[in-house]
Amino acid sequence: MTTVSSSDATVGAVLAEPTGVVVDGRRRTTSSRRPLVAPVDGKPWTEIAVGGRQDAEDAAGAAARALPAWSAAPPAERAASLRAVADELDAAAAGAEWPALITRETGKRLAEARGELGLSAVYFRVMADLLEQQQERVLHAVTGTAHHVEARPLGVAAVLTPWNFPVSIPARKIAPALAAGCPVLFKPSEVAPLSSMVLAALLDRHLPAGTVNTVLGEPADVVDPWLAHPEVQVVSFTGSTRVGGLVAAAAAPRFLRTVLELGGCAPFLVLPDADVEQAVQTLLVAKYRNNGQSCIAANQVFVAREVAGGFVDAFVAATERLVVGDPLDAASDIGPLAPAGDPARLAELVDDAVAAGARVAGTRAPVPEPGHWFAPTVLVDVPAAAAVFRDEVFGPVAAVSTYTDLDDAIAQHRATGYGLAGYVCGTDVDVARAVSGRLRAGIVGINTGTPNYPGAPFGGLGLSGSGYEGGPQGLEAFQAWRTTAVAGDAVS
Ligand code: NAD
């Protein structure tokens, strides 16, 4: 007999009557519907009810009402709720329905969808642990007075997320917000909302009604009323640099705390002493993870002339061996782009680079038709001025250049203005770390394509945003420090 896990049942309930609106613990259906397109064939496969301004205002009211009780709940109680959510996410990662839904909506491989749910569980666990480790400090520096320093919940948190990781990016924001004691207003992406709505439903099962309220809808209808609400004190946004600028401007009049996790253009440096085979494996992950649609994807590959010939041949050969196909099929290495991904935009980037002097070294193999497919493509001898080298590619196109002057390669990256991730491959780790220290980046992988870890801070510089997620810094993003000076309490 097969048992149906609770997350499978939740997926069933979400799919039975898809809605993007859950306010005060109740799902709402609306007359406004949005079709959802399957990446594998480009066809609409279902639709979801979306909310409007009134739903957003109701959500803000519900979150504000939830604030006093949730912010006053003992840390142990909040931590227990987070761990219960983590347990369900772990079970879901091993289950059938939720991973398949993520794959169906985004086109990412099933194994990566499972990995995303497992990573989401870690965010909830890490934040529960960090909350319990936080302690009030008492300073006795001033005679006769004790200064009590404590972290307090900032207020209601608005959480706005993209489509490329529709569960783990919301988890990376919602877990610390809830740990901190902040009720959440959650606007998922319109591109892959169902996977996010399963998370919303799961959270509702473990939290008091109104602690997490979700509204999918037009940003102006949803986000504007949230940012105007007096109890909303922090907005955590992940998405494009363009929209991040709009969110920062919208948050400015009320001086809201902002966490902005934006686009990237990560340099990938292969040093002269690199182990070529290891560097190729590292780049396969750093470039083609999530079908190339990751903010930390390697975008500018700089290979030292000493190893360039062997590295490029091996990477091209490895790329040509990648199996492009149905992301539900375990044999596939690369699936289709998500519905927001635009194969024509990628084709233009490749053509533009070729016109500027680059050469297509990896094949642009035929891909399934129709759908949002783009074959993994390697461009070599890419000139610094080509758009594919300066802008976020966000697809399975690898742009490679040979360098003789490391300073020039580092300068080329700084000139982009982005500062999210970077990668350095080299056998002398001290040298690699010295190079890493010169990069403008919030996170650097040395001989690894997976530098991210929920217990450590992650955040961008420059055009990649500001603020941190993960680690104690990710929790503190939703907290305000309060110092209370108590006269005559010097020895307590
Ligand atoms: P996007 O900026 O188009 O959308 C992100 C979210 O913002 C969506 O929920 C969207 O509905 C909402 N939005 C759109 N217009 C808005 C407005 N005017 N006001 C408020 N919200 C608005 O991004 P996307 O296409 O969903 O995601 C891809 C981008 O996200 C890439 O640039 C990628 O690098 C970036 N990203 C960054 C990180 C990171 O951690 N730095 C992680 C993942 C993705």
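All residue numbers in this chain count up from 1 along the given sequence. Both counts, for ligands and for their atoms, begin at 1 and track the order of listing.
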**OP:** Could you check S196 against W163 for side-chain contact (heavy atoms from CB on, under 4.5 Å), going step by step and ending with a plain yes or no?
**Re:** CA-CA 9 Å; S196 303; W163 50 266; over 6 Å; no

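Using a 4.0 Å cut-off between heavy atoms, A220 makes no contact with ligand 1 at all. Counting heavy atoms closer than 4.0 Å to ligand 1, residue E190 contributes side-chain atoms (C-beta onward) but none from N, CA, C or O. Residue T161 touches ligand 1 through its backbone alone, judged by heavy-atom distances below 4.0 Å. Looking at I296 against ligand 1, nothing comes within 4.0 Å, counting heavy atoms.
Salt bridge annotation for E88-R205: present, with a cationic side-chain nitrogen under 4.0 angstrom from a carboxylate oxygen. We find that R83 and D129 are joined by a salt bridge, their nearest charged nitrogen and carboxylate oxygen being less than 4.0 Å apart.
Distances from atom 37 (C) of ligand 1 to the heavy atoms of N452, V159, T241, L262 show the closest one on L262. Heavy-atom proximity to atom 30 (O) of ligand 1, evaluated over G239, A421, P219, is greatest for G239. Atom 34 (O) of ligand 1 has its nearest heavy-atom neighbour, among Q293, E218, E392, in E392. The heavy atom nearest to atom 33 (C) of ligand 1, out of those in F394, F186, F237, F165, is found in F394. For atom 18 (N) of ligand 1, the nearest non-hydrogen atom from the set I443, L246, N290 belongs to L246. The closest heavy-atom contact to atom 12 (C) of ligand 1, among the options R172, E261, E469, K187, comes from K187.
Atom CG in L246 sits 11.0 Å away from atom OG1 in T241 (nearest 0.5 Å).
Scanning all protein heavy atoms for the shortest distance to atom 20 (C) of ligand 1 gives V247 CG2, 3.7 Å. Nearest protein heavy-atom neighbour of atom 23 (O) of ligand 1: S240 N, 3.4 Å. For atom 16 (C) of ligand 1, the closest heavy atom belonging to the protein is V243 CG1, 3.3 Å. Counting protein heavy atoms only, atom 25 (O) of ligand 1 is closest to W163 NE1, 3.0 Å. For atom 39 (C) of ligand 1, the closest non-hydrogen atom on the protein side is C295 SG, 3.3 Å.
Against a heavy-atom cut-off of under 4.0 Å, F458 is close to the following atoms of ligand 1: 40 (O). If you number the atoms of ligand 1 from 1 as listed, the ones under 4.0 Å from a heavy atom of G263 come out as 32 (O), 34 (O). For ligand 1, the atoms sitting less than 4.0 Å from at least one non-hydrogen atom of L420 are 41 (N), numbered in the order shown with element in parentheses.
At least one donor-acceptor pair closer than 3.5 Å links the side chain of W98 to the backbone N or O of S195.
Counted within 6.0 Å of CZ on R345, heavy atoms from surrounding residues, nucleotides or ligands total more than 12; the atom is thus considered enclosed.
Closest non-hydrogen pair, I102 versus T106, comes out as O-OG1, 2.7 Å.
Close N/O approach between T238 and ligand 1 is not found [any backbone or side-chain N/O within under 3.5 Å].
In this structure, G460 falls outside the shell of residues with a heavy atom less than 4.0 angstrom from ligand 1.
A donor-acceptor contact closer than 3.5 angstrom is absent between the side chains of K173 and T161.
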